[in-house]
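One structure below.
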Amino acid sequence: MKNLKRLFAGCMAVAMVFAFTACDDSSDDSSSKENTVKVAEAEDISDIPDGAETELIYMGVGDLNPTGDNEKSVGLTLFEQKGGTITYSRVTSSNQYTKLGAAVTAGKDVPDLFNYTALAVPSQVIQGFYQPLDDIIDFDDAMWVGIKDTADQFTVNGEHYVVPFSYKPLSLLFYDRTVITENGLDDPQDLYYAGEWDYDAMDDLMSEYVAAASGDEIRYGINGYYAPSYVQQTGETIVTTEDGITYESNLDSAKIASAEERLSNWLKEGYVYESWIGEASEAFETNCLFYAMGEWAAIDTHTPSADDDWGVVPFPSDPSYEGDLPISSASMSDDSVLWVNGSEKAETVKVFYECYRVAQTDPDYQQNEKDKWLENNPYWGEEAYDIISDVSDPETHLMIFDPSYGVSSLMGDDNSGFMSGVSLTNWIYKSTSSADEQGETYTWTQTKEKYANTVESEVASLNESIQAFITNGTTVAAEE
């Protein structure tokens, strides 16, 4: 349990954010819907002082303002009621860091806010991209009760850089209930509620489904983004940290090895459909039993139709896991943003954070969000919403973030050039159940032999840079 305790004490801040789930829709759609639920103004949020700039420039892959058929969030509604506005500075996943770094370095056209990504802490903090929040947020104040322990995981040299408003599961498992029924399989949600949803149960379902293919039919057990969430059900991650200052490789974990061997068996048994599929309905049409992806891939524009009967469950538990709480491989919510170094709008940024905090904690606003979710996804129903909400709750689940993604661009950025569209960390997780660019597959032993030295080198370099940052009070050169 040593590594799990270390993770729980300091699992520093860095889940893979493979897609900032606010829609990246640059079209000007004047038919965008207004909030369907009225949002009452919150009186306990600070006012923007007279004379302060009310506009915040937000740089991100997705716009905080509603576009297309998206509705305005409660947080944004509250911020606008306080007189604030958000101006969007669009970037793409491939150029976002370059544009942010150039703006901060030049001190010109610097945005105030930047969307949280897994590379932010500590890698980009020590490059000088962001400024700490402690001058504008008192995490001991009543408004922030319940968030400080998590915020403490996102520190460098004792200063906070991230406000973890809320969480979303990194991936969920979606499935078609009609397929389950027609094949006489146990419903995963029934297994989940019965406390029987574990590695073995999922393997059994995929085995039965794939084996029942007839004639020329080809069936698959799973498609999507599953490896990190699956392996992290062990309570282990590729890199660990006790204090957010010193990092260590965890590739020798026996628990990780065991989970990776299961994934290797998935590939051998033909369970894995390797090509990219962008939404649940397409996966089901391709005879995939499970589609593993973030919530975004099965709601809103990807939501089921009236003719569909879909189910959703979290990732199955590792039968050997002995922790007090079930595990949720977590990503930060869409609303999590960082205060950019060079922004001088402290008062307005403070109000922004308070608006989004209240939106995530006030029961009435939480009900508003649920009502809007159910209205936008009428064929999912409350059961699905409640399951997703439960897996997103740090009071019922241990939220695991893999510090690997914040070590360096190579480790945490899918656009780093390590491999087409895949960071080193993501490749390590998926290497046993997917072929590389040369068509080669790996055992876990081969993966460790090939990449252990690289991970050790990246971690050692990070540790040196953090010490220099702490000792000198200066930043290292920003990455190109």
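Residue numbers run from 1 in the order of the sequence given.
Between the side chain of Ser465 and the backbone N or O of Ser461, at least one donor-acceptor pair lies under 3.5 Å. Formation of a donor-acceptor pair under 3.5 Å by the Glu236 side chain with backbone atoms of Ser253 is not found in this model. Listed for the Gln446 side chain is a donor-acceptor partner under 3.5 Å among the backbone atoms of Thr443. The closest donor-acceptor contact from the side chain of Asn377 to the backbone of Trp373 lies under 3.5 Å. Between the side chain of Thr155 and the backbone N or O of Asp152 there is at least one donor-acceptor pair closer than 3.5 Å. Between the side chain of Glu369 and the main chain of Tyr365, no donor-acceptor pair closer than 3.5 Å is present. The main-chain N or O of Leu170 is never found under 3.5 Å from a side-chain atom of Ser229 such that the two would form a donor-acceptor pair. No side-chain donor-acceptor contact under 3.5 Å links Ser264 to the backbone of Glu260.
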Test side chain to side chain contact (heavy atoms under 4.5 Å, CB included) on Tyr321 and Tyr199; report intermediate values, then the result.
CA-CA 11 Å; Tyr321 172 67; Tyr199 281 174; over 6 Å; no
Apply side chain to side chain contact (heavy atoms under 4.5 Å, CB included) to Arg357 and Val163, showing your working.
CA-CA 9 Å; Arg357 172 61 175 164; Val163 180; 5.8 Å; no
Evaluate the criterion side chain to side chain contact (heavy atoms under 4.5 Å, CB included) for residue pair Gln124 and Leu338; output intermediate values, then yes/no.
CA-CA 11 Å; Gln124 292 178 336; Leu338 300 109; over 6 Å; no
Apply the test side chain to side chain contact (heavy atoms under 4.5 Å, CB included) to residues Val162 and Val121: give CA-CA distance (whole Å), side-chain angles for both, the deciding distance (0.1 Å), then the verdict.
CA-CA 8 Å; Val162 178; Val121 182; 3.8 Å; yes
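Considering Val312, Asn223, Leu173 in turn, Asn223 is the only one that fulfils the side chain to side chain contact (heavy atoms under 4.5 Å, CB included) rule with Tyr291. Applying side chain to side chain donor-acceptor pair (under 3.5 Å) to Arg262 and the options Asp318, Thr432, Asp200 leaves one that passes, Asp200.
With sequence neighbours excluded, the residues that form a side chain to side chain donor-acceptor pair (under 3.5 Å) with Trp427 are Tyr451.
Judged purely by distance below 3.5 Å, without hydrogens or angles, the side chains of Ser433 and Tyr226 pair a donor atom with an acceptor atom. There is a side-chain donor-acceptor pair under 3.5 Å between Thr396 and Asp390. In summary, the side chains of Asn415 and Tyr97 do not present any donor paired with an acceptor at a separation below 3.5 Å, with no hydrogens or angles considered. In summary, the side chains of Asp308 and Ser305 do present a donor paired with an acceptor at a separation below 3.5 Å, with no hydrogens or angles considered. Between the side chains of Ser423 and Thr425, no donor-acceptor pair is found at a separation under 3.5 Å. A side-chain donor-acceptor contact under 3.5 Å links Gln367 and Asp371. Of the N and O atoms on the side chains of Tyr225 and Asn426, at least one donor lies less than 3.5 Å from an acceptor on the other residue. For the residue pair Asp436 / Tyr442, a side-chain donor-acceptor distance below 3.5 Å is found, with atom types taken as modelled. With hydrogens and angles left out, the side-chain atoms of Asn95 and Thr98 include no donor and acceptor closer than 3.5 Å.
Ring centers of Tyr175 and Tyr209: at least 6.0 Å apart, outside the cut-off. The distance between the ring centers of Phe154 and Tyr161 does not fall below 6.0 angstrom. Aromatic ring centres of Phe79 and Tyr356: separated by at least 6.0 Å. Centroid-to-centroid, the aromatic rings of Phe284 and Trp310 come within less than 6.0 Å.
In this structure, Ile388 CD1 and Glu383 CD are separated by 11.0 Å, a value rounded to the nearest 0.5 Å. Note: Met399 CE to Ser331 OG = 10.0 Å, rounded to the nearest 0.5 Å. Met411 contributes atom CE, which lies 7.5 Å from atom CD1 of Ile238 (distance to the nearest 0.5 angstrom). One distance of note links OG of Ser389 with CD of Gln366; it measures 9.0 Å at 0.5 Å rounding. The distance from atom OH of Tyr247 to atom CG of Leu462, rounded to the nearest 0.5 Å, is 6.0 Å. The CD1 atom of Ile218 sits 11.5 Å away from the SG atom of Cys288 when rounded to the nearest 0.5 Å.
In terms of heavy-atom proximity, Glu274 sits nearest to Ser434 at OE1-OG, 3.1 Å. Between Leu191 and Ala201 the shortest heavy-atom distance is CD1-CB, 4.2 Å. The minimum heavy-atom distance linking Gly60 with Tyr88 is given by the pair O-OH, 3.0 Å. Scanning all heavy atoms of the two residues, the minimum distance from Glu395 to Leu325 falls at O-CD2, 4.1 Å. Nearest heavy-atom pair, Gly244 versus Thr241, reported as atom, atom and distance to 0.1 Å: N-OG1, 2.9 Å. In terms of heavy atoms, Ser431 sits closest to Thr447 at OG-OG1, 2.8 Å.
Side-chain contact check for Val125 versus Glu159: every heavy-atom pair is 4.5 Å or farther apart. In this structure, Asn250 and Asp252 have side chains that are not in contact, with every pair of non-hydrogen atoms separated by 4.5 Å or more. Inter-residue side-chain proximity for Thr234 and Ser258 is flagged as unmet; no heavy-atom pair is nearer than 4.5 Å. Contact check for Asp204 versus Asp186: no side-chain heavy atoms found under the 4.5 Å cut-off. The shortest distance between side-chain heavy atoms of Val179 and Leu289 falls below 4.5 Å. Side chains of Leu76 and Pro66 form a contact here, defined as non-hydrogen atoms less than 4.5 Å apart. Contact annotation: the side chain of Tyr429 approaches that of Thr237 to within less than 4.5 Å [non-hydrogen atoms, C-beta and beyond]. Side-chain contact between Asn341 and Gln131: present, with at least one pair of heavy atoms (C-beta onward) separated by less than 4.5 Å.
A salt bridge links Asp187 with Arg177: the distance from a Lys NZ or Arg NE/NH1/NH2 to an Asp or Glu carboxylate oxygen falls below 4.0 Å. The residues Lys168 and Glu295 are annotated as salt-bridged, a charged nitrogen and a carboxylate oxygen being separated by less than 4.0 angstrom.
Between Trp296 and His302, the ring planes are perpendicular. Angles over 60° get that label, and only those under 30° would be called parallel. Between Tyr230 and Phe315, the ring-plane angle classifies as perpendicular under the 30° and 60° cut-offs.
For Asn453, the CG atom is loosely surrounded, since the number of other residues' heavy atoms within 6.0 Å does not exceed 12. Atom OH of Tyr379 sits in a sparse spot, with 12 or fewer heavy atoms from other residues, nucleotides or ligands closer than 6.0 Å.
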